Q: 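Mind having a look at this structure? Questions to follow.
Since the model is a prediction, treat every value here as computed from it, not as a measurement.
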Amino acid sequence: MHITDSARLSYHYITESDTDFLWELDQDELVMKYINGGKKSSKEDIQNIFIPRVQAFSNFAFGWGLWRVEKLDDGESIGWILVRPFGFFTQHPETDNIELGWRFKQSSWGNGYATEAALAVKEALYEIGVEKFSAIANPDNAASINIMKKLGMSFSHELEYKDKIFDETVVVYTN
């Protein structure tokens, strides 16, 4: 799958060679606040837990995986967009419902980058036939919920999200 550059951003499929970028992004406690309570990821966790989880659902042809987001003006990597079947690590993954997620450096917050990036990824997925999208967030994560609304999603339900690593209540938005 190819994602066309948007007005300010470009997109690159993340591989194991992006470990340093993934680790750097997870070193900000505010970035991690609604993911794990603000705990920074170790390089070992990135290499031994995070990368294998991403590889488990990655499929370039379908666009599934993580897409690194870079600013066009200076090439700075500012975050990523996640694309995977909804509930991939649960007992009932939904391959016809694609989950979008995001994580961005705090220095990029408030500039509309996450919304711009998620819209560009969503448009590329539309072009290959994806019609249903969902996103999840901690109920207190107003910024992510706002992005979901800007993507045309609305509140669907609360969910007890459980897999081998996570066990929390999240809100689900869908289009």
Q: Roughly how far, to the nearest 0.5 Å, is the NZ atom of Lys71 from the OG atom of Ser77?
A: 10.5 Å
Q: Examine Leu30 and Ile35 and state if one hydrophobic cluster contains both, with Ile, Leu, Val, Met, Phe, Trp and Tyr joined whenever side-chain heavy atoms are less than 4.5 Å apart.
A: yes
Q: I'd like to know if Trp102 and Tyr126 are part of one continuous hydrophobic network [Ile/Leu/Val/Met/Phe/Trp/Tyr, side-chain heavy atoms within less than 4.5 Å].
A: yes
Q: Restricting to non-hydrogen atoms, name the atom on Glu168 and the atom on Phe166 that form the minimum distance, rounded to 0.1 Å.
A: OE2-CD2, 3.8 Å
Q: So do the side chains of Phe133 and Thr174 get within less than 4.5 Å of each other, counting heavy atoms only?
A: no
Q: Applying salt bridge (charged side-chain N to carboxylate O under 4.0 Å, His left out), run through Arg103 and Asp26 and close with a yes or a no.
A: CA-CA 9 Å; Arg103 190 174 303 174; Asp26 285 9; 2.7 Å; yes
Q: Could you state the interatomic distance from CD (Glu24) to CG (Asp18), rounded to the nearest 0.5 Å?
A: 11.5 Å
Q: Out of curiosity, Thr115 OG1 to Lys149 NZ, how far, rounded to the nearest 0.5 Å?
A: 12.5 Å
Q: Tyr13 and ring pair (Phe, Tyr, Trp, His ring centres under 6.0 Å): which partner among Phe62, Trp64, Phe60, Trp80?
A: Phe60
Q: Would you check, one step at a time, whether the test side chain to side chain contact (heavy atoms under 4.5 Å, CB included) holds for Asp45 with Phe50?
A: CA-CA 6 Å; Asp45 285 347; Phe50 191 79; over 6 Å; no
Q: Do you know the tightest heavy-atom contact between Ile46 and Ser41?
A: CD1-CB, 3.9 Å
Q: Take a 6.0 Å sphere around CD of Gln91 and say whether it holds more than 12 heavy atoms from other residues, nucleotides or ligands.
A: no
Q: Answer yes if Leu119 and Met148 sit in the same cluster of Ile, Leu, Val, Met, Phe, Trp and Tyr residues linked by side chain heavy atoms under 4.5 Å apart, and no otherwise.
A: yes
Q: Please report the closest heavy-atom contact between Ala61 and Ile128, naming both atoms and the distance.
A: O-CD1, 4.0 Å
Q: Nearest 0.5 angstrom please: Glu94 CD to Lys132 NZ, how far?
A: 5.5 Å
Q: Indicate the atoms forming the closest heavy-atom contact of Tyr11 with Glu116, along with that distance.
A: OH-O, 3.8 Å
Q: Look up atom OG1 in Thr90 and atom CD in Glu160, then write down how far apart they are to the nearest 0.5 Å.
A: 13.0 Å
Q: Ile147 and Val31: same hydrophobic cluster, using ILVMFWY side-chain contacts below 4.5 Å?
A: yes
Q: Between atom NZ of Lys150 and atom CD1 of Ile145, what is the distance when rounded to the nearest 0.5 Å?
A: 13.5 Å
Q: Begin from the C-alpha positions of Phe104 and Tyr113 and carry the test ring-ring contact (aromatic ring centres under 6.0 Å, His included) through to its verdict.
A: CA-CA 8 Å; Phe104 280 77; Tyr113 292 130; 7.5 Å; no
